[in-house]
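Notes to accompany the following structure.
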Amino acid sequence: QRHHGSRNKNLRKLSSILRGQYKFQKPCCQVRCVYTTVFAKFWKETSSTVKWYILARGLCGGTGMVCYYWAVALLPINDTIMILSLFPIWATLLSALILKERVSYQHIFSLFIAMIGILLMCYPSFIFGIDDRDDEHYNITETEWRLLIEGYGYAFIGSICFGFVFIFIRLAYKSPT
């Protein structure tokens, strides 16, 4: 008897949620409607090239994040973050190659200084030999090469994808709407 009463109570609660009787639901529905309306307006009024650039930006950002999580699962976090932090270098190289933007010596010097700072903050085990997982010295010879190549490969692919994110944002900004 009690079980059926609580089940009926839960069904009534679910029914009232689906009908929108709770106050907290209305803002969520409004936000969803606004996003849907804004996206529909954007899709209708934007040129097809901008749509593809934004779609490519989303795919690169999503792929970069997936690669980040896969790399973290295989490597120490400090190694992963060090490699993923190379994305400004990739973005600069790609902007020079794809967008034909000028890269000055000041840009290169700034990237160099930033990379030194990231190197010192991340303290990666592939340079300094300390693993962040167990506070012991990291012996790279005890790790399977397949896992190392896979983990560092994911980190590099993620870094390149994050560099492409900025290229696609720039391309979308430059293209006519």
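Since the structure is predicted, the reported quantities are computational estimates derived from the model, not experimental observations.
For I149, there are no side chain to side chain contact (heavy atoms under 4.5 Å, CB included) partners two or more places apart in sequence or in a different chain. The salt bridge (Lys or Arg N to Asp or Glu O under 4.0 Å) test applied to E150 returns R146, not counting sequence neighbours. For R57, the salt bridge (Lys or Arg N to Asp or Glu O under 4.0 Å) criterion is met by no residue, not counting sequence neighbours. For W90, the ring-ring contact (aromatic ring centres under 6.0 Å, His included) criterion is met by no residue, not counting sequence neighbours. Legend: residues meeting ring-ring contact (aromatic ring centres under 6.0 Å, His included) with F87, ordered by chain and number and at least two apart, are F166.
Note that CD1 of I116 and CD1 of I113 are 5.0 Å apart. Values are rounded to the nearest 0.5 Å. How far OG of S95 is from CZ of R102: 12.0 Å, rounded to the nearest 0.5 Å. To the nearest 0.5 Å, the span separating OG1 on T49 from CG on L171 amounts to 9.5 Å.
Shortest non-hydrogen contact noted between S159 and L84 is N-CD2, 3.4 Å. The shortest heavy-atom contact between M82 and I118 is SD-CG2, 3.7 Å. Taking all atoms of both residues into account, the shortest heavy-atom contact from I89 to L111 is N-CD2, 4.2 Å.
Counting Ile, Leu, Val, Met, Phe, Trp and Tyr side chains that sit under 4.5 Å apart, directly or through other members, V103 shares a hydrophobic cluster with I108.
Judged by distance alone, the side chain of S85 and the main-chain N or O of I81 form a donor-acceptor pair under 3.5 Å.
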Run the side-chain contact (heavy atoms from CB on, under 4.5 Å) test on Y152 and D79 for me, step by step, so that the C-alpha distance in whole Å, both residues' side-chain angles and the decisive distance to 0.1 Å come before the verdict. CA-CA 8 Å; Y152 288 115; D79 290 8; 2.6 Å; yes
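Linking ILVMFWY residues whenever their side-chain heavy atoms come closer than 4.5 Å, directly or via other members, leaves L93 and I157 in distinct clusters.
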Please output the side-chain donor-acceptor pairs of residues 61-76 that fall under 3.5 Å, not counting sequence neighbours, one pair per line with the distance.
{"from": "T63", "atom 1": "OG1", "to": "L59", "atom 2": "O", "distance (Å)": "2.7"}

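Sorted by first and then second residue, the ring pair (Phe, Tyr, Trp, His ring centres under 6.0 Å) pairs with a member in residues 91-119 form an empty list; sequence neighbours excluded. Residue pairs meeting the salt bridge (Lys or Arg N to Asp or Glu O under 4.0 Å) criterion with at least one partner in residues 156-171, sequence neighbours excluded, are E101-R170.
The closest side-chain heavy-atom distance from F168 to I54 is not below 4.5 Å.
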